[in-house]
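Here the structure is laid out as structure tokens; the discussion comes afterwards.
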2 protein chains.
Amino acid sequence: MGEGVEWALHSCVNLAWAGPDRAVSAARLAAWHDLPTAYLNKQLQALARAGIVTSAPGPRGGFRLARPLADISLMDVVAAVEGPEEAFRCAEIRQQGPGGGPAASYAAECAVAQAMGRAELAWRRELAAQSLDDVRQQAERQAPDAPRQLRDWLASR
Amino acid sequence: MGEGVEWALHSCVNLAWAGPDRAVSAARLAAWHDLPTAYLNKQLQALARAGIVTSAPGPRGGFRLARPLADISLMDVVAAVEGPEEAFRCAEIRQQGPGGGPAASYAAECAVAQAMGRAELAWRRELAAQSLDDVRQQAERQAPDAPRQLRDWLASR
DNA sequence: GAGGCAATACTCGGATATGGGATGTCCGAGTACTTTGGG
DNA sequence: CCCAAAGTACTCGGACATCCCATATCCGAGTATTGCCTC
């Protein structure tokens with residue numbers, strides 16, 4: 001799993017802490033955690049294409065959340081950054097070689113793919129069940145000053 | 001996720017179909033599904049290191065299951081082939097940059113990592129709950145002749 | 001004919017290349033602010 | 001003093017390099033079989 005997912009999740013929470021009235025540029029978000037600016041911008045563009053954040057060019061421009069954190073699930077972010085394709089992709093090797101004659105009917109999904117799919121479904125369900133607001137609340141419980149620190153730092157630049 | 005997982009899972013079921021008395025070489029297993037022999041051998045070696053299969057060199061050598069299919073979970077195979085490390089690895093970016101002063105205590109796990117870890121735990125639980133014997137039964141339900149076809153093909157070579 | 005021995009063929013196991021995608025970087029198009037000149 | 005217009009600085013967005021790991025391959029060490037030679 002790419003590390004862009006971690007960056008995107010943290011950035012979304014940071015955007016929520018920055019507030020809905022203030023747009024934050026990719027450069028600011030990257031500097032906050034010492035990340036490569038242009039590459040984080042790439043991930044943010046993916047979030048923008050998915051409708052999770054909105055973007056604005058020019059001075060006072062940047063990114064801001066397109067909707068409340070409570071309406072954004074972890075699944076939304078992961079799908080936006082990593083792509084919609086499943087992690088386990090069945091290549092239907094059962095149909096190849098001597099084992100897979102044309103006589104057999106492959107209407108049913110491969111048993112291996114079924115089993116792996118069940119596991120991946122459980123993963124996706126758990127991701128979809130958790131909103132970014134849950135993450136934000138937990139983070140604030142651990143570091144209550146984090147939101148203000150970020151806002152102060154943004155205001156001082 | 002690497003495609004070696006799919007190959008390993010199918011190969012384990014094939015080994016069960018071949019029977020416990022007969023060792024099957026990596027070349028035979030690969031030819032059965034038109035896979036690159038040497039690379040499949042690599043995955044089988046990983047299974048051997050994990051104690052899922054046993055290996056024997058020389059003529060009449062090859063691989064065979066180290067224990068019944070019912071005692072092998074999907075999780076065992078995935079961990080053996082893909083490695084034990086988690087798919088989502090937290091880089092602790094919250095500690096980097098201006099956002100992460102030394103004043104903050106990082107005893108608690110990052111909220112993002114916690115949330116992603118819950119999802120990955122659900123995935124692992126589902127994988128651990130399914131045994132390879134379940135997969136075999138489902139596969140035989142779809143293609144009852146598959147075991148005999150494989151045994152006949154192995155005997156004819 | 002029986003037994004031992006050498007030759008052989010086959011296997012795993014690890015060391016060695018290669019290609020594609022994730023990672024990282026750079027520049028152009030566009031926008032809002034600022035400044036400056038004129039009315 | 002007010003307004004307009006040009007200049008400027010800042011932003012996103014996509015095109016362009018680079019690096020690492022999954023993929024793929026090859027060769028050596030070891031073993032059971034097989035055939036042969038000797039007794």
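Quick caveat, the model's predicted, so the values are computed rather than measured. Every chain is numbered from 1 and lettered A, B, ... according to where its sequence line falls, protein lines coming before strand lines.
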Length of the [atom1]-[atom2] vector between [X] and [N], whole Å:
| X | N | atom1 | atom2 | answer |
| --- | --- | --- | --- | --- |
| A:D34 | C:dT23 | CG | P | 18 Å |
| B:L40 | D:dA22 | CG | C1' | 15 Å |
| A:M1 | D:dC21 | CE | C1' | 17 Å |
| B:E6 | D:dA22 | CD | P | 17 Å |
| A:L29 | D:dC10 | CG | C1' | 15 Å |
| A:L47 | D:dG14 | CG | P | 14 Å |
| A:Y39 | D:dA15 | OH | P | 17 Å |
| B:L35 | D:dT23 | CG | P | 12 Å |

Using a 3.5 Å distance criterion without hydrogens, assess whether the side chain of [X] forms a donor-acceptor pair with backbone atoms of [Y].
| X | Y | result |
| --- | --- | --- |
| B:Q130 | A:A115 | yes |
| A:R28 | A:A23 | no |
| B:D152 | B:Q149 | no |
| A:Q114 | A:E109 | yes |

For A:W7 and A:Y39, take the angle between the two ring planes, folded into 0 to 90°, and tell me which bin it lands in: parallel under 30, tilted 30 to 60, perpendicular over 60. perpendicular
Say you draw a straight line from CE of B:M116 to CZ of B:R89; how long is it, rounded to the nearest 0.5 Å? 11.0 Å
List in numerical order all residues of residues 77-90 of chain A for which some heavy atom is under 4.0 Å away from an atom belonging to DNA chain C. none
SB check B:R118 B:E120 (cutoff 4.0 Å):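 Between B:E120 and B:R118 there is no salt bridge, as every charged N stays at least 4.0 Å from the carboxylate O atoms.
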Atom CZ of B:R125: over 12 foreign heavy atoms under 6.0 Å: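 Count not over threshold, so no.
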Among residues two or more places apart or on two chains, list those pairs meeting ring-ring contact (aromatic ring centres under 6.0 Å, His included) that have a residue in residues 42-86 of chain A.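 Qualifying pairs: none.
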A correct 5'-to-3' footprint of nucleotides 11-19 of chain C, with B, S and - meaning base, sugar-phosphate only and no protein heavy atom under 4.0 Å, is BSBBB----
